[in-house]
S.K.: 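My structure is below; once you've seen it, I'll send some questions.
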Amino acid sequence: MMQHADAKGFTALMAAAQHGDVGAMRLLLDHVSDNAAAMMMHASASGATALTVAAVNDHVDAMRLLLDHPSADPASMMMHASSDGSTALMLAAQNGHVGAMRLLLGHPSGDPAVMMMLTSRIGSTALTLAAWSGHVDAMRLLLGHPSADPAAMMAHARSDGNTALMLAAWNGRVYAMQLLLDSPSANPAAMIVHAHSDGLTALMRAAMNGHVDAMRLLLNHPCADPAVMMMHTRSEGFTAFMVAAANGHVDSTRLLLDHPSADAAALTMVTNSSGSTALLVAALNGHADAMRVMLDHPSVNTAAMLALQRSDGSTILMVAACHGRVEAIVVLLNHPSADPAVMLMQTRSDGLTALMLAAMHGHVGAMRMLLNHPSADPAVMMMLESCLGSTPLMLAAWDGHVDAMRLLLDHPSGDAAAMMMHARPDGLTAPMLAAWGGHTDAMRLVLGHPAADAAAMLMHARSDGLIALMLAAWNGHVDAARLLLDHASADPASMMQRKNSEGFDSLMLASWNGQEDAARLLLDHPSTDPASMMQHANAKGLTLLMMAAQEGHVEVMRLLLDHPSADPESMMLHANSDSSTALIVAAEKGCMDAMRLLLYHVSARPEAMMKHSNSRGLTALMAAAQEGHVDAMRLLIHRPFADAAGMMLLMEHRGFTAFMLAAVNDHVGAMHLLLDCPHSDPASMMMHKSSDGLTTLMMAAQNGQMDAMRLLLNHPAAHPAAMVVWRTPGNSSVISAPMAAAEFAAGQPTITSLAPTRSCAPLLLLLNHAAVELLQLPSEAQQVHMNAVMGTLREGPLSQDMFDECKPDAACDACIRLLLERGACAVRAASHLVLRIVRERSQPTGGHGAAAVDVSITPQRKSKPPDDA
């Protein structure tokens, strides 16, 4: 029972220590004398022990009992730290318990010098904790202890850079600050200017919380340089004056402006990293009294202060309006030095005025103050446009600020009809912006306004043909779409049939963007013919089902296919202008769930869908292989009863199979899948020729696709020699795999790139696999191969890394020498370089296979070498 701890780890001994019940503690310790040491060292969930609990509550007798108990380990007990790193001495100092501190520091088992310099997790010492709380007697005890190093203690900073003086200033502990600055061991000049990790000083800490006496103590200290202190800036460019103003501390602001060493005009014009002055940050936070102190000071340039703009062009009035600071707006517009007419019409770099910013954030009070000022021209202000062409009403509508919109529309100087129908250069109006954001209250306000032409507003189109209903449907705002369709002035049939410039109607946009609820609303509306709508296609022939499949919106697809008016079989087999079906479109994008729904739908004809090809000859399998969608390919070829072998043999219009398309685009995973399929014939697939006589290896070599080439040459079913020496019939531009590799090395355009990276690696990979076969060819065939490959040496830059694929091999070396012997004389310089590589590669090395030869020199090209050079 005595050793039992509650849920927080508190034991009976700790509870007794917390209340200073020495008798109960003695009874507990004596009763379990064999386990007393463990009881005293037991820590709660927060790391508290009986000693730290007693220290927090200043129970000195309880602490003495624990430290002097025969079973105690007083040194360990005093050095123990809780979960936040606090020791018994720190906790006693934080709470100003001098008696407890004196006991700990004077105990014979303690090391007071070490104890006083121990730090918590955030770097606090006993002194910083006492200074934070203003416990002067505790601080005096620490600084005056014979074992103390007061200079080091006062110079110590927490992990965030705060010293004891800064912490005392932060909390306005003037007596603690005085004690620190007056200590014989202190360096007050250094202490006063010491900066926090982000540049905060003790003066800034005091100014932040409005501790005027602390600020005065720092500024008037004999070792202080108040002029420098007041102009010092933290990392964001804030001075102590700006900090005081930003927090609305009027007395602190006045103290700094009125100080004999202050340059008030300079202080008020200092800007931080965002271009804000003290007046601007005070206006931003709505501290009107602090603003008045600055504007009314006799030494400042009020006109310059009011005219200042941030880097984005924001004025102080704009900042106040943006944050709805009504009292700050009053101070700015009514100051004798202000020119309110100019201020109200000023614009930011993006064209926004103070009224626009207030409307954008729905600050009705600020808007009313701006519009009703005697110097305002509200009619002009309400029709001004930003750089994007937005008016205040549009900006309010975009975020659904109904009260702000009502204020503008009902203002006596406004032209409500003109404001509601005014369009930006892109054609967007306020009602359309409200619909885009799904703000039904805002939409209801404009559509129901007495000055509104609701019918015109509902059918008004953006420059790309989008109307409000399309915007609501695209973004899935069902309530907004329903409001538009059911409005008394609406013609819902015409609205739903309306198409944008790309041939999309509202239902198409909802389907394309996966807005299932919006699509259901449109399909089930009484004014629609759902069967007809589901067969609609845009200018490219994409139907609703294709659009949803293309983006993988399965729920929308299911809604369309299972609708009572749907003809799912016809929808799934429908082809667009490219003759692509929904399955091909989904396969091209790798949308697995969409493909699965199409293939396994109760009305599906999967065999017909999988064999269907588009105008380019691509089937669903080819489309997936071309993009490397391995899972999509697996779904197609492993579907029950699928003719996988037949699908893999199908060819597009160039004679490319799915395997070729995967190889040409370097999708090795897709190639593996097809080669390893139980229904495939790997050897036939790898030797298949396109309509131009090209093999898969030729195309991979021409594109420099090393991984694909390795797979082809190393596959168990491959015949690498036959694949390498195969020549296309007739006068094809690429006659063999080595010539294709030569074209890549020469930097010629390939199937997949107009500017490939030059490299000899593909050529040398081929030579490694079929050098012997090349040498055994008849002389004429050998000559054809070698002359074709000479383009590599003639055009390609040569360096060691190009030959990394070429292992020391006699047949490969012989091939390279033969290339040089048969090559044109114009490449003699390159020939010497390659022979050097071959020669030095065959020499013994330090265990790395090929000699580390510097062959990075590129032969200098002559202007036009003679034929016999």
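One is the number of the first residue; the rest follow in order along the sequence.
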S.K.: Would you say L332 and T315 make side-chain contact, with heavy atoms under 4.5 Å?
M.R.: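 A side-chain contact is absent here, since even the closest heavy-atom pair is not under 4.5 Å.
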
S.K.: When you look at H439 and D399, which way does the side-chain hydrogen bond (donor to acceptor under 3.5 Å, both in side chains) test go after all the steps?
M.R.: CA-CA 7 Å; H439 304 303; D399 280 317; 5.0 Å; no

S.K.: Of all the heavy-atom pairs spanning M101 and A92, show the shortest one and how long it is.
M.R.: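 Smallest heavy-atom distance, with atoms named: CG-CB, 3.7 Å.
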
S.K.: Supply the atom-to-atom distance M291 CE to L280 CG, rounded to the nearest 0.5 angstrom.
M.R.: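 Rounded to the nearest 0.5 Å, the CE-CG separation comes to 9.0 Å.
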
S.K.: Identify the residue among V243, L219, T239 that makes a side chain to side chain contact (heavy atoms under 4.5 Å, CB included) with L256.
M.R.: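 For L256, the side chain to side chain contact (heavy atoms under 4.5 Å, CB included) test succeeds with only one of V243, L219, T239, which is L219.
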
S.K.: Are any of the side-chain heavy atoms of Q18 and N57 separated by less than 4.5 Å?
M.R.: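 Contact flag for Q18/N57 side chains = yes.
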
S.K.: Side chains of T49 and M41: does their closest heavy-atom pair fall under 4.5 Å?
M.R.: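 A side-chain contact is absent here, since even the closest heavy-atom pair is not under 4.5 Å.
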
S.K.: Does a donor on one side chain and an acceptor on the other come within less than 3.5 Å for N334 and H373?
M.R.: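 Per modelled atom types, N334 and H373 side chains form a pair under 3.5 Å.
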
S.K.: I'd like to know if the side chain of H80 reaches the main chain of G47, judged simply by a donor and an acceptor atom lying under 3.5 Å from each other, with no hydrogens or angles considered.
M.R.: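 Yes.
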
S.K.: Does the side chain of D68 pick up a donor-acceptor pair with the side chain of H107 at under 3.5 Å?
M.R.: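 Side-chain D/A pair, D68 to H107: present.
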
S.K.: Ignoring hydrogens and geometry, is there a side-chain-to-backbone donor-acceptor pair from R205 to L167 under 3.5 Å?
M.R.: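 Answer holds: no.
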
S.K.: Would you check, one step at a time, whether the test side chain to side chain contact (heavy atoms under 4.5 Å, CB included) holds for L317 with Q346?
M.R.: CA-CA 9 Å; L317 179 64; Q346 278 182 294; over 6 Å; no

S.K.: Does H363 offer a backbone N or O that forms a donor-acceptor pair with the side chain of H361 under 3.5 Å?
M.R.: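 No.
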
S.K.: Between N272 and F238, is there a donor-acceptor pair closer than 3.5 Å when you use the side chain of the first and the backbone of the second?
M.R.: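 No, the answer is negative, given that no donor and acceptor are paired below the 3.5 Å cut-off.
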
S.K.: Taking the side chain as every heavy atom from C-beta outward, state whether L67 and L103 have any pair of such atoms under 4.5 Å apart.
M.R.: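 Yes; the side chains approach each other to less than 4.5 Å.
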
S.K.: Has S386 got a side-chain atom pairing as donor or acceptor with L388's backbone, closer than 3.5 angstrom?
M.R.: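 Here the side-chain-to-backbone pair exists.
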
S.K.: Is L255 close to R216 at the side-chain level, that is, under 4.5 Å between some pair of heavy atoms?
M.R.: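 Yes. Closest side-chain heavy atoms under 4.5 Å.
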
S.K.: Output the distance between atom CG (L143) and atom CG (L127), rounded to the nearest 0.5 Å.
M.R.: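 Interatomic distance, L143 CG to L127 CG, rounded to 0.5 Å: 5.0 Å.
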
S.K.: Any chance you could lay out the side chain to side chain contact (heavy atoms under 4.5 Å, CB included) test for N301 and T268, step after step, and finish with the verdict?
M.R.: CA-CA 8 Å; N301 185 341; T268 55; over 6 Å; no

S.K.: Examine distances only and state if a side-chain atom of S349 and a backbone atom of D312 form a donor-acceptor pair shorter than 3.5 Å.
M.R.: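 Such a contact is found between S349 side chain and D312 backbone.
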
S.K.: Within the 4.5 Å heavy-atom criterion, are M154 and L165 side-chain neighbours or not?
M.R.: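 No, their side chains stay 4.5 Å or more apart.
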
S.K.: Spell out, as yes or no, whether a donor-acceptor pair under 3.5 Å connects the side chain of R325 to the backbone of L284.
M.R.: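 Here the side-chain-to-backbone pair exists.
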
S.K.: Could you measure the distance from the CG atom of L267 to the CE atom of M231? Nearest 0.5 Å is fine.
M.R.: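 If we round to the nearest 0.5 Å, L267:CG and M231:CE are 5.5 Å apart.
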
S.K.: Tell me whether T353 contacts the main-chain N or O of M345 through its side chain, where contact means a donor paired with an acceptor under 3.5 Å.
M.R.: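 Here the side-chain-to-backbone pair does not exist.
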
S.K.: Could you pull out the closest heavy-atom pair between A138 and A130, with the gap in Å?
M.R.: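 The answer is CB-CB, 4.2 Å.
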
S.K.: Looking at CE of M305 and CG of L295, how far apart are the two atoms once the value is rounded to the nearest 0.5 Å?
M.R.: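 Here the interatomic distance stands at 4.5 Å.
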
S.K.: Return yes if some donor-acceptor pair links the side-chain N/O of S273 with the main-chain N/O of E236 below 3.5 Å, else return no.
M.R.: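 Side chain of S273 to backbone of E236: a pair is present.
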
S.K.: Mind checking whether M90 and L118 have side chains closer than 4.5 Å, heavy atoms only?
M.R.: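 With C-beta onward as the side chain, the pair touches.
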
S.K.: Is there side-chain contact between R102 and V60, with heavy atoms separated by less than 4.5 Å?
M.R.: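 Heavy-atom side-chain distance check fails, nothing below 4.5 Å.
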
S.K.: Which pair of non-hydrogen atoms, one from V56 and one from H97, has the smallest distance, and what is that distance?
M.R.: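 Heavy atoms of V56 and H97 come nearest at O-NE2, 2.7 Å.
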
S.K.: Mind running side chain to side chain contact (heavy atoms under 4.5 Å, CB included) on Q94 and L91 for me, showing each step along the way?
M.R.: CA-CA 5 Å; Q94 185 175 2; L91 293 167; 4.2 Å; yes

S.K.: Counting only N and O atoms by type, is there a donor-acceptor contact under 3.5 Å from the side chain of S120 to the main-chain atoms of S86?
M.R.: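 Pair absent, no side-chain N/O of S120 close to backbone of S86.
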
S.K.: Strictly by modelled atom types, are N285 and H323 linked by a side-chain donor-acceptor pair under 3.5 Å?
M.R.: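 Their side chains do not contain a donor-acceptor pair, so the 3.5 Å distance test is not met.
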
S.K.: Considering all heavy atoms of both residues, which atom of L104 and which atom of A88 are nearest to each other, and what is their separation?
M.R.: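 Residues L104 and A88, closest heavy atoms: CD1-C, 3.7 Å.
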
S.K.: Can you see whether S46 engages S44 through a side-chain donor-acceptor pair at a distance of less than 3.5 angstrom?
M.R.: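 Yes, S44 and S46 have a side-chain donor paired with an acceptor closer than 3.5 Å.
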
S.K.: Exactly one of T125, I122, T119 should register a side chain to side chain contact (heavy atoms under 4.5 Å, CB included) with R158. Which one does?
M.R.: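 The passing option is I122.
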
S.K.: Between A100 and M63, what is the shortest heavy-atom contact and its length?
M.R.: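 Scanning both residues, the minimum pair turns out to be CB-SD, 3.5 Å.
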
S.K.: Can you tell me if N220 and H259 form a side-chain donor-acceptor pair at under 3.5 Å?
M.R.: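 There is such a pair between these side chains.
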
S.K.: Dump the intermediate steps for side chain to side chain contact (heavy atoms under 4.5 Å, CB included) on N162 and W170, then the final yes or no.
M.R.: CA-CA 10 Å; N162 282 305; W170 195 350; 3.8 Å; yes

S.K.: What's the separation between atom CG in L395 and atom CG in L357, rounded to the nearest 0.5 Å?
M.R.: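 One gets 8.0 Å once the value is rounded to the nearest 0.5 Å.
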
S.K.: Do you know the tightest heavy-atom contact between H287 and A245?
M.R.: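 For H287 and A245, the tightest heavy-atom pair comes out as CD2-O, 3.6 Å.
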
S.K.: Once rounded to the nearest 0.5 Å, what's the spacing between atom CG of L308 and atom OG of S314?
M.R.: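 Taking CG in L308 and OG in S314, the distance rounds to 11.0 Å.
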
